[in-house]
Every structure is written in structure tokens, then in C-alpha cells.
Amino acid sequence: MTAPETNQPHKTHELAKTYDPRDVEGRWYPWWVEQGLFEGKDDPARSREPFCIVIPPPNVTGSLHCGHALFATIQDVYTRQARMAGKNTLWLPGVDHAGIATQVVVERLLKREGTDRHALGREKFLERVWKWKEQSGGTIDDQLKVLGSSCDWRRHRFTMDPHMSRAVREAFVRLYQEGLIYRAERLVNWSVGGQTVLSDLEVDSNEEDGELFEFAYEVADAMGESIVVATTRPETMLGDTAVAVHPDDPRYQHLIGRQLKHPFVDRRIPVIADSILVDPKFGTGAVKVTPAHDFNDFATGKRHQLPMVNIMNKDGTLNDNAGEFRGMERFAARKAVKRRLEELGFVKGSKKHRLAVPRCQRTNTVVEPLLSEQWYVKADVLAKPAIEAVQSGKTVIVPEEWTKTYMHWMTNIQDWCISRQLWWGHQIPAWYCGDCRHVTVSRDDAKACEVCKSTNIVQDDDVLDTWFSSGLWPFATLGWPDENAPALKTFYPTTIMETGFDILFFWVARMMMMGIHFMGDVPFRKIYLHGMVTDEKGDKMSKVKGNVIDPLDVVYGIELEPLVSKIKDGGATDAALKTARNTYPEGIPAYGADALRWTLSTYPPQQRKIPLSIKRIEGGRFLCNKLWNATRFALPMLGVVGARGVAHESEGNEHDKIAQADLDAPPAPQTLADRWILSRLSATAAAVQQGIDEFRLDDSTSALYRFFWNELCDWYLELVKPVLSPREGAPKVDADAARVTRATLARSLEATLRLMHPFIPFVSEELWQKLPKPSDRPGSIVTAPWPTPGARDEAAERDMAALQGAIGAVRTIRTEHEISPAASVHVRLCTDNAELRALLQREEIAIRTLAKVDPLEIVGSGTRPAGFATSSAGEIEVQVLLKGLVDAAHETARIERELKRIDKDLQGMEKKLSQPAFTEKAPPEVVAEARARLDELKTARARLEAGRGLIDELKG
RNA sequence: GGGCGGGUAGCUCAGCGGUAGAGCGCUAGCCUUACACGCUGGUGGCCGCAGGUUCGAAUCCUGUCCCGCCUACCA
């Protein structure tokens, strides 16, 4: 396979000085797809280990937001890593039909056209929704591609596809036949705005200001006597069928069993005693009971066999049972009832009251408890094995603390109302017989009643809750109900379900129940729940607040004015607009998908909030730029011509080309730097792997970052410079050593790119293509082998630490004394450790180069010639000649500062060691460590004391 | 009312029984053979508060105060 023309490896292609994601991203994705790199292979025999993630399907209504960017990043990291590790990898994409959300959107469009769905009729309306879906349904998929999501697009699924619809019917019919789906008349959550029933989970209750309104019922046949009740919804009194008091409440004993006179409707209502409903300390201690419009009252009504009087139509207006208030809208009726009660003199008071108001998630209208007949799934039966699966560890929830929440919800699970009075969705496969009233439930469209064979049947108007079909997602997308479907056999159970914790119940729990029930095995081995993306201050992103970060703006960049008008269109307040202007005075630069992905990978998973900030994304781009430049720097040293442009070559700085044989079978490292970087690479590969295994991508990215930036760039590349690209006149380096170093450089850089690829797929591919590499590598980094950690070289790591310490000490003295970076200094490195001296001797060039040292003496300790400042680095005493470079006052100040710091540590350590309790009871290695530290501090202190003498020398 | 999570450097957060960490910020100096989206050095913390366990506690326990989120029928 051949990479896109401009990206041919080893071809002359100048790398820009600064990385520009817009030049790179976008070029690779089509090529990857074309090459079929993202395709999972059906392999029922499982000859290769399968890896599968099914995407949490976004709404067809949706376009990309930060939550999507987060899940896309995490899932793609896992998918790409598994693919590189050689697994048969499938990330299956798709979208969800999102019943209410979609219907609401299309109805809004119709309204703008001056019509509505009822005028259109069901069939025409559905045509319209499908049309709309065709237009906008692909948006989110395209946006996921922008982020680099390596999905197998051939297997894209939609919850309303014919196949998915077949699965839904199969599931419904089976559950019905098993008695796990039934119809019942109950009080339900009715969305007046959406004109449908909602499940408990689709209702959001938030505290709002309300009123506790008190009024009196007159006792019938007892002049003047009355009982005062309180309510937050006065209009419901029209449906009252009792007033309840506490059985032990002395105030009302005499009224229990008496009848009250309803002021507006011709009904007598009893005073009943109920200890469950009534809290005698609250309000007046007397509660009006409206069984058809309140969940508690409903239960009370059942206990006392009270009549249920429904006073409301489904559109929120009052019905004939409301007497003089019939036809009024519910909130108008509330005012009217209050006014009439006032006129009649029954109003006894009103207080402000905070109460939880239930609202429909989708339409934000107040949800009304309403009596109606709906379809339910019997949940406890399905929940039981789903609980056991988590208890036994067949499915593991990460982070672990969610397990408790899952268990709690599952064990207290309520039956699930699955019918919705919508048109957009899977119509319930139940047909009612007009003759014998039998309900026929069938996989195929029923033509006749299965009992009386009458053709006078009509299908249930309602559709199923979207989550019912989503619950089948992990297996229906793979081919179920065809139990022999190759994909199903290959990839079920899936490996990881990764999604936001907010849909643990909505979706994850239901997939668990359905998966186990229909497949006999859990739908996934791991459930990984991530937090919610917020703005940098931790506030939820909202269009009104104007703090929404659009991932695409981060990727492509956006100018200030377009950004502002975009936020404005979202409905932001003026204050929010001002904030936005201040936050992004220059708009947002193009950071690229890689930078965004990297940043999203750096947040720890147990965090509930992911405060995404532009500043952090900027950090991601800096990393990409650094990677770009490190490669740009290395390429010429590996003999790749032209990477830094013609100018560089004309300077006569020619490099030997790396031999293919050295790439295919890298020679063993010899120099300290080479041994060290390979050892650190091993450590890093292990840390990255561990982070992935433990769902700590933050650990993986931070290990990678530190390795690449603080080790590979800060030290290794610097150490390699004098070897592979010596200055004119510099000592000649052994050709064979250079050869080995060249191979090691190529090797470590290539491995770094592979380790980074799951996180930043675009730049890593771009750079990898240019890099010389072993001949057995595939054509794309996408399928290049995942690095496995090699051996560590403890000696090299220890020696390198000593070297870094010595260089660091020189550098510190240099800056503390404001010695010009251009000036060379005379340095003496003193130690009685002969091995150390030999090491320093071997690394002479490194010390001279990295600390700008000349001349350099490496000697035994004991003397300090006049004019030298001293400092220590472990066993090494570092002496730097200051005479002529600095003045005495500076040095005095520095020494006093240092002494103060050391004395503080020294005192602490001495105190610790002087306590017998510590030396006797603490583990020996801890005590030994403390002693060693104490010695070190003492030596350092002595050297500083000695350095005091320096001051006079400097004066002199 | 119940449950859960959190309070560590100016900001955002790691660490969760043995010398306080990162990124960003701040600061001094540098355009040093890739990178100023950079390099080198530095500054900065009674680890919410009070007790207890321990030789030793940011880390474990108890209490307490804040701040979030979820959940619940106070009419």
C-alpha cells in the first residue's frame, strides 16, 4: 500500500518550522479508510483475539459537542491500541433515533411552516422525519471522522434500520411471551409538552419557588365547622376524593369519618385517617387526597378504596369532571380556583414554599401525574442476573465507586414504562381485536386476531421508548436475532462499554439486562464511565451561558466575530457574550484534533467533571509541535535529506544515512546515552501500557509526555548532537559509535511515535511516514506493532542520574551568579569514587557541551582551589571558578540561602533519627534511607561552609 | 431526608502511611547546531478545621465546616 503522494517516506519534503495541524489532519483519514485499516474481520473461530467497542450512539439530531469528543477520544485510544497490539479490532459506529428529541425538532420545523403533525397525518409525518434524518443524520459521523475516530464505517448502524427494527420486535415478542412485558393502568409521568408518557428517568426534578396555599373544606351538615388543607397545586382539589389526617392527631379526632362538602363539584368527600401519608407536624396536619393526580395520593387511594377522579385532558386542559373550570388550561385553572375560593371565603393563607417541580427533560414543561394504560417491562426479573454479573466480576465497572450506585439502583428497580405516545420510533407490535378484544403480539404485522381470526384489528398507536432499542445495541448491531451471525460470534461479548456516567441507568443497566437475557452472557467485560465535560471553571456548558466550546472550533480555529455571533445564536445573554469576548479576544486558533485528543486524554477518570480549557488544549498543541520539531531535527541526522530545507544542507552539514540493516536489527547500545534512552523507553512503554490497562489514560499520557519532553528532547537529543552532528573543530567521534547512536535514535523516536499514535493519530502518522524504519513495518502506523516494554538498564539509569546531577549543579551555579550563557566556565568535578570519576571522564563531551564547560577537571575530593564556588550533586562535589566572573556579595547571599534550606531539612532529619521509637520500630530500609539522607545533607552543608572562604578569595 | 464525590502551590488537578508533585501561571536570564508553540535556572503549599490511631499521617479512623452531584412523595 502506498501512502498519499506528499507523504512518501524518505522523499524530499520540507517540514515547516512550526507544526500546522491544518496541513496534516484531514489528509490521512480518507486514506486510512480506503486501505481498510479500520475494518474488523468476522472470525467466528476467534483465531485472533477479538476487541470490540460499540459506540454509544449519538442522537441523529446531534452535532458534535465536547462529550462526544471525549468519548470518541477515549474509545479511539483503546481501539487503536488494540489494533496495534494485533487484536481483531472493531469499533462499531452508529446513531440513535432519539424518539422525543427528534420528534420535537421536526415538529418545530413544521410549526414554522404553519402546520403540525396531526394535519400531516402519521405516514406523511414519518416521511418528513426520515427526510430530515437523511439530511442531517450524517453530520455527527463526519465530525467523528474529523477527530480521527477509527470506526468500521461499513458496519454503521441506525436504531431504526430494518435489521434493528426486526431485533426490537423479536425482543418485544419474546419478553411478552415470557410474561415480562405487560400492560397496566397506572399513574404515569405525563409530558404535556411532548404529549407522551415518560419514564422516571426522563423527568428532572429541581427545586423551584412555589406557594403553599391553604384553604378550608366545610364539614357537611355541620354549620360552620371546617378543616384546613394545604396544597401546592390548588387546581387538583377538583379531583379530591378525601382529606386525610393522622389517626393520632387530637385536633381532628372528631372529624374522622365525617363528610366534607366540595365547593365546586357535587361530591361529598370523607375525612380519613392515614398514618403513612400524613405528617401531623407539616402544614395544617390535614392533607387533601387526589388519587388520580398525585403519586402518594394514588397509593393512599388504593389503601382506602377511594374513587379516582381524573380532571385533566392530555393536553393539560381540564375535563368535564372539573365542573365550572372545564376547558381551562391547568395553570389558568389554578388561578381561577384560587380566585373562586377567595370569593367564597375559604382561603386560609399562603406561604412561599420551595418544592421539587418535575419537568420533562426534552420540552422543559411541567410533568403531570396522569392515570393511563401503558406497557411495562417487569424489571426485577431482568435485574437479578445483571446484579450478579457485576457482583461476580463478569462485568467490571470502572471507576469502581460506580458499582455501588449501579447496585443500589438495580436492587430498587421499578418496572419500566416502555410505551411512548410518539410517532417517531418502533411502533409497538400489538394489535387489538375490535371483536373479541384480544391483544395479538406478533413479530410480523398481524393480519387477523390470533384468537377469533377477526380482521377487525388495529395496531397500538404508541412507539417504544428509544432506550428499549438502545438496550439491544451491543448484540443487535452485531446481527442478533440471528444467533449465528458471524459478527455476533466474533465480537460478543464486547470488550469495553465506554460512556458518560449520566446514562448508567438509562442505557448501561438496560443493556446489561437485555444482553444477559437474550444472549446468555454479559454484553461487555468492562464498563468505563467518564465524567461530564464542563468549562474551565467547572460550570456546565450551556448555550445560554455562552461557555460552550465547540470541538470543531478547537480543531479548525475560529475568528472572534464568527465565534461571538455563533454564541449569540445559541441564545447567550449579553453578559455571557462579554465574557466570551474577554476569554477569547483573538478568537480560537486552530489547535487540531490531535491537540484536543491529547488534552482530553490527560484528565483522570475518577473526576466527575472534566474542566476543559483552551489553555490546556494549547498545551496539547505545544506537544504536537515539539514532536514535529524533534523529528524535523532528527531526520537529517538519520540521513533523510531535505527535512529542514535546502539551506541547511548548503551549510555543508552532511550526515551519513542510516543503514537499513541497522534498522532491521538494531545494534546493541554502547554509550551511556543510548543505553539510558532505551531503558527509559522500556519504562515508558510499561507505564503507558499500565495506564491503558487500568483505565488511567492520564497516567499513560503523563508518562509519555515526561519521557518525550524531559528525557528524549531535553537530554537525549542534546547528548546526541555532539555525536551525530559535531560542531566544526569538535573532537572526532568514533564512526561505529555514531552508527549505533544513529540506529538508537531512529529506534527510540519510532517507538515513541507508535506509543503516541493512539492519542495523536494524525501527527504521529505524518512523522512516522518520514522516518527511516525497519523493513517489516506495514504501510501505516495504524497497524504498526504496539511497543512492548524491553529490559531496563538500572546501571545506565543510575549513571545518567549522576551525570544529570553534575550538569544541573553547574547550570544552577551559572544562573545564580548570572554568568552569561555564552561564557565557558572552568569546572572541577571532585569525588573519591573512582567509578564515578571514570564515568564523568567518559561523558566529558556531554558535560562540556550541556553545561558549557571549559576547562573541565575530574579529580579526587579534598581540595578547593581559590576562587571556586562549590555545590554538591550526590557524591560529586561541583566546583565552578567564579573569580573574575562574579562579585562576592552574590555568592554570600547564595550560600546563606542554601545553608538556611539545608539546615531546615537537616534538623528535621536529625530529630527523626534521634528518636529511638523511630530507629527501633520503623522498617530498617526506611531508617537506612533516612541515615543516608542525613549524611548527604551533612556533606552538602560542610561544602557550603567551606565555600564561605570563597568570599574573601573573590574579594582578593 | 438519604447516598456519593470533593476541599493539596495563584489556577486546574495528580498523589492516598515513609524526604510535598504536574500542567498552566509567576519570575530571572537566554533567538545556545530542531522547536520562543522554545531553552536554562528559580519562586511558590501549617495538603479545609479539630481530635484520635501510628515510631511516622496530605495519606487511616472519628467529629466538624464548606462546595458540588445524584436521589427522595413532605401535602
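It should be emphasised that the depicted structure is a prediction, and the values quoted were computed from it without experimental measurement. Throughout, a chain's letter reflects where its sequence line sits, starting with A, and its residues are numbered from 1.
A donor-acceptor pair is defined here as one N or O able to donate and one able to accept, closer than 3.5 Å; such a pair exists between the side chain of A/Asn629 and the backbone of A/Asn625. Using a distance-only test at 3.5 Å, with no hydrogens or angles considered, a donor-acceptor pair links the side chain of A/Ser613 to the main chain of A/Arg616. Here the side chain of A/Arg251 pairs a donor or acceptor atom with the backbone of A/Pro280 at under 3.5 angstrom.
Whole-Å rounding puts the A/Leu623 CG to B/C37 P distance at 15 Å. The CD atom of A/Glu818 sits 11 Å away from the P atom of B/A28 (whole-angstrom rounding). B/U40 atom C1' lies 14 Å from atom CD1 of A/Ile813, rounded to whole Å. Atom pair A/Glu816:CD and B/U43:C1' shows a separation of 12 Å (rounding to whole Å applied). As a whole-Å value, the separation of A/Ile614 CD1 from B/U12 C1' is 15 Å. The nearest whole Å value for the distance from the CZ atom in A/Arg931 to the P atom in B/C55 is 18 Å. In this structure, the OH atom of A/Tyr19 is 15 Å from the P atom of B/G38, given to the nearest Å. At whole-Å resolution of the value, CG in A/Leu635 and C1' in B/C35 are 14 Å apart.
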Please tabulate the protein-to-nucleotide N/O contacts below 3.5 Å involving nucleotides 72-75 of chain B, giving atom names and distances.
from	atom 1	to	atom 2	distance (Å)
B/C73	O4'	A/Asn296	ND2	3.2
B/C73	O2'	A/Asn296	ND2	3.0
B/C73	N1	A/Asn296	OD1	2.9
B/C73	N1	A/Asn296	ND2	3.2
B/C73	O2	A/Asn296	OD1	3.0
B/C73	O2	A/Asn296	ND2	3.0
B/C74	O2	A/Asp279	OD2	3.3
B/A75	OP2	A/His353	NE2	2.9
B/A75	O2'	A/Ala230	O	2.7
B/A75	N6	A/Asp279	O	2.8
B/A75	N6	A/Phe282	O	2.2
B/A75	N1	A/Asp279	N	3.1
B/A75	N1	A/Asp279	O	3.4

Dump the pairs, protein N or O against N or O of nucleotides 18-26 of chain B, anything under 3.5 Å, distances to one decimal.
from	atom 1	to	atom 2	distance (Å)
B/U19	O2	A/Arg933	NE	2.6
B/U19	N3	A/Arg933	NE	3.2

Measure all distances between protein nitrogen or oxygen atoms and nitrogen or oxygen atoms of nucleotides 4-11 of chain B, and list the pairs falling under 3.5 Å.
from	atom 1	to	atom 2	distance (Å)
B/C4	O2'	A/Arg608	NH2	2.9

Look for any protein N or O under 3.5 Å of an N or O in nucleotides 29-32 of chain B and output each such pair with its distance, or none.
none

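Applying the side-chain contact (heavy atoms from CB on, under 4.5 Å) rule to A/Lys626 yields the partners A/Phe708, A/Trp709, A/Cys713; only residues at least two apart in sequence or on another chain are considered. The side-chain contact (heavy atoms from CB on, under 4.5 Å) search around A/Arg811 returns A/Trp715, A/Ile807, A/Leu850, not counting sequence neighbours. Residues meeting the ring-ring contact (aromatic ring centres under 6.0 Å, His included) test with A/Phe506, sequence neighbours left out: A/Trp467. In this view, A/Pro21 and A/Tyr19, A/Glu25 satisfy the side-chain contact (heavy atoms from CB on, under 4.5 Å) rule, not counting sequence neighbours. When the side-chain contact (heavy atoms from CB on, under 4.5 Å) test is applied to A/Thr849, the partners found at least two apart in sequence or on another chain are A/Pro722, A/Ile845.
Rounded to a whole angstrom, the distance from the P atom of B/U33 to that of B/U40 is 14 Å. The gap from the P atom of B/A50 to that of B/U8 amounts to 15 Å, rounded to the nearest Å. Using atom C1' as the reference point in both B/U12 and B/C67, the two lie 16 Å apart (nearest Å). Separating the C1' atom of B/C65 from that of B/G42 is a span of 37 Å, rounded to the nearest Å.
Using a cut-off of 4.0 Å between Lys/Arg side-chain N and Asp/Glu carboxylate O, A/Lys338 and A/Glu211 are scored as salt-bridged. Residues A/Asp594 and A/Arg621 are not paired through a salt bridge, judged by the lack of any N-O separation under 4.0 Å between the basic side chain and the carboxylate.
Looking at every heavy atom in both residues, A/Leu771 comes nearest to A/Ala746 through CD2-O, 4.4 Å. Of all heavy-atom pairs spanning A/Lys770 and A/Leu635, the tightest one is O-CD2, 3.5 Å. Taking every heavy atom of both residues into account, A/Asp294 and A/Leu187 meet most closely at O-CD2, 3.2 Å.
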Original post:
How far apart are the C-alpha atoms of A/Tyr217 and A/Asp240, what are their side-chain angles, what is the distance that settles it, and do they pass the side-chain hydrogen bond (donor to acceptor under 3.5 Å, both in side chains) test?
Top reply: CA-CA 11 Å; A/Tyr217 273 118; A/Asp240 284 357; 2.7 Å; yes
**OP:** For the pair A/Cys624 and A/Trp598, evaluate side-chain contact (heavy atoms from CB on, under 4.5 Å) and give the outcome as yes or no after the intermediate values.
**Re:** CA-CA 9 Å; A/Cys624 293; A/Trp598 178 269; 5.8 Å; no
Original post:
Stepwise, does the side-chain hydrogen bond (donor to acceptor under 3.5 Å, both in side chains) test hold for A/Thr300 with A/Arg303?
Top reply: CA-CA 5 Å; A/Thr300 310; A/Arg303 284 197 294 276; 3.2 Å; yes
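Candidate nucleotides B/A34, B/G42, B/C35 were compared by shortest atom distance to the side chain of A/Lys17, and B/C35 ranks first.
Applying side-chain hydrogen bond (donor to acceptor under 3.5 Å, both in side chains) to A/Thr236 and the options A/Lys288, A/His293, A/Glu368, A/Arg334 leaves one that passes, A/Lys288. Just one of A/Leu638, A/Val723, A/Val720 meets the side-chain contact (heavy atoms from CB on, under 4.5 Å) condition when paired with A/Arg742; it is A/Leu638.
Contact annotation: side chain of A/Lys626 to base of B/C35, donor-acceptor pair present below 3.5 Å. For A/Ser725 and B/U33, a side-chain-to-base donor-acceptor distance below 3.5 Å is present, hydrogens and geometry of angles not being considered.
Listed by residue number, the members of residues 712-719 of chain A with any heavy atom below 4.0 angstrom from RNA chain B are A/Cys713, A/Asp714, A/Leu717, A/Glu718.
Heavy-atom distances to RNA chain B give each of A/Ala630 and A/Arg696 a nearest nucleotide, and the one nearer the 5′ end belongs to A/Arg696.
Within the 4.0 angstrom heavy-atom criterion, only backbone atoms of the sugar-phosphate kind lie near A/Thr812; the bases stay farther away. If you check every strand for non-hydrogen atoms under 4.0 Å, A/Trp709 touches sugar and phosphate atoms only.
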Can you list, pair by pair, the side-chain donor-acceptor contacts under 3.5 Å of residues 913-923 of chain A, counting residues two or more places apart and other chains?
from	atom 1	to	atom 2	distance (Å)
A/Ser914	OG	A/Glu910	O	3.4
A/Ser914	OG	A/Lys911	O	2.7
A/Thr919	OG1	A/Pro916	O	3.2

Original post:
Based on Watson-Crick and G-U pairs with both distances under 3.5 Å, what dot-bracket line describes RNA chain B 5' to 3', crossing pairs as [ ] and inter-strand pairs as |?
Top reply: ((((((((.[[[[.)..(..]]]].(((((.......))))).....[[[[[..)....]]]]])))))))....
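Between A/Trp402 and A/Phe501, the two ring planes are parallel [angle under 30°; tilted spans 30° to 60°].
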